[in-house]
Protein chains: 2
Amino acid sequence: MSKEVAIGVLSRETGVKVPTIRYYESVGLMPQPSRTEANRRHYGPEAVNRLRFIRHARELGFEVDAIRQLLDLSDQPERSCKAADAIARRHLSEIKSRITRLRALEREVQRMLAECACGRISDCRVIDVLSHHEHCLHHGK
Amino acid sequence: MSKEVAIGVLSRETGVKVPTIRYYESVGLMPQPSRTEANRRHYGPEAVNRLRFIRHARELGFEVDAIRQLLDLSDQPERSCKAADAIARRHLSEIKSRITRLRALEREVQRMLAECACGRISDCRVIDVLSHHEHCLHHGK
DNA sequence: CCTTGCTCCTCTAGTCGCTAGAGATTGTAC
DNA sequence: GTACAATCTCTAGCGACTAGAGGAGCAAGG
């Protein structure tokens, strides 16, 4: 009667490949799901959102550890708010930094395309844009 | 009389580790530099910008192959403008997509922080934000 | 001149985040 | 009841580094 689904269905619904889902389970991003009699995983509806979140966060370049932290924030709503705050703040500044640099790159690629339309890219400055210090927020790591 | 520098100096000036510079050389992102009599690499000033560019681009999540393409754009200014245009266009839409999703994440983390300041994160919706389809630009890959 | 110590060299192996494949089992559809 | 698809576990590979071994070069002090 439950609307639990097999791993293949979850995969199709989220765009995350089956082996990747198993991998996420093995590194603790996804919880160990219940199993059928024949030892097959099946998942409740909340797994879909969790998995989509993981996928987007990965595409945006967050590492598994950071994602685990973000997930923990929503898993344990009543937990120490200070820890959550610190984690969130760290991620926020990282996010802002990325947006800034992506926008610089966006502007320059756009400029390149404009000049390209005029038939030349002879003064291409892609390198310049992202190499200059102004754009560097220097977040260590 | 030249102001060529050793790999260690280049490393310090760019924040890219020595082994990583050698790795970039091995995969063709950095050109093979000239060597001293004792077989040590040394680099001209243009290497600094190129390396900084590579570093930023990598931090922003572009893969080595994409970076190579972008670098080729500026390396061969007189080459087929059509190819350049196509490559640039592809990267531009990828860049835009990332900015959009990062902004969605930024908004939500910011909202979380605001609520956190009020002493609760009980309705934390980090997962919701990045799992919903609206934010998904579905760029295949 | 020689030793101390740093940088550099090459090479191999390990890490992270997947991804692909082998080989066995189960479940479903004709 | 047999074919075929989906699942299982396990191992191995890949991309992009990163760390370490083992050796050579060079500059500075005694």
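We name chains A, B, ... by the order of the sequence lines, and we start the count at 1 in each one.
Taking CD of Gln110(B) as the start and CZ of Arg103(B) as the end, the distance is 12.0 Å to the nearest 0.5 Å. Atom OG1 of Thr14(A) and atom OH of Tyr43(A) lie 10.0 Å apart (nearest 0.5 Å). In this structure, the separation between CG on Leu10(B) and CZ on Arg52(B) is 9.5 Å, given to the nearest 0.5 Å. Atom-to-atom distance recorded for Gln32(B):CD and Ser26(B):OG is 9.5 Å, nearest 0.5 angstrom.
Taking atom OH of Tyr43(A) as the reference point, atom C1' of dA6(D) lies 14 Å away to the nearest angstrom. Computed from coordinates, the Lys17(A) NZ to dC8(D) P distance equals 17 Å when rounded to whole Å. Spacing between atom CG of Asn39(A) and atom P of dA24(C) amounts to 17 Å, rounded to whole angstrom units. As a whole-Å value, the separation of Ile21(A) CD1 from dT19(C) C1' is 14 Å. Between the P atom of dA16(D) and the CG atom of Asp65(B) lies a distance of 8 Å, rounded to the nearest Å. Between the CZ atom of Arg22(A) and the C1' atom of dC8(D) there is a distance of 7 Å, given to the nearest Å. dC8(D) atom C1' lies 7 Å from atom CZ of Arg41(A), rounded to whole Å. Separating the CD atom of Glu63(B) from the C1' atom of dC18(C) is a distance of 13 Å, rounded to the nearest angstrom.
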Provide a list of protein-nucleic acid N or O atom pairs under 3.5 angstrom, restricted to nucleotides 26-29 of chain C.
| unit_1 | atom_1 | unit_2 | atom_2 | d |
| --- | --- | --- | --- | --- |
| dT26(C) | O4' | Arg40(A) | NH2 | 3.3 |
| dT26(C) | O2 | Arg40(A) | NH2 | 3.3 |

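Contact annotation: Arg58(A) does not reach the phosphate of dG17(C) (side-chain N/O to OP1 or OP2, under 4.0 Å). Contact check, Thr20(B) against dA16(D): no side-chain N or O comes under 4.0 Å of OP1 or OP2.
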With salt bridge (Lys or Arg N to Asp or Glu O under 4.0 Å) as the test, would you mind laying out the steps for Glu59(B) and Arg55(B) before giving the verdict?
CA-CA 6 Å; Glu59(B) 282 172 7; Arg55(B) 186 182 117 231; 3.3 Å; yes

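DNA chain C is contacted by Tyr23(A), Tyr24(A) of residues 23-35 of chain A, taking any non-hydrogen atom closer than 4.0 Å.
Using a cut-off of 4.0 Å between Lys/Arg side-chain N and Asp/Glu carboxylate O, Glu94(B) and Arg98(B) are scored as salt-bridged. The pair Glu25(B)-Arg41(B) meets the salt-bridge criterion, with a side-chain N (NZ, NE, NH1 or NH2) lying under 4.0 Å from an Asp/Glu carboxylate O.
Nearest heavy atoms, Arg50(A) versus Pro31(A): NE-CD, 3.8 Å.
A heavy-atom distance below 4.5 Å is found between the side chains of Ile21(B) and Ser11(B).
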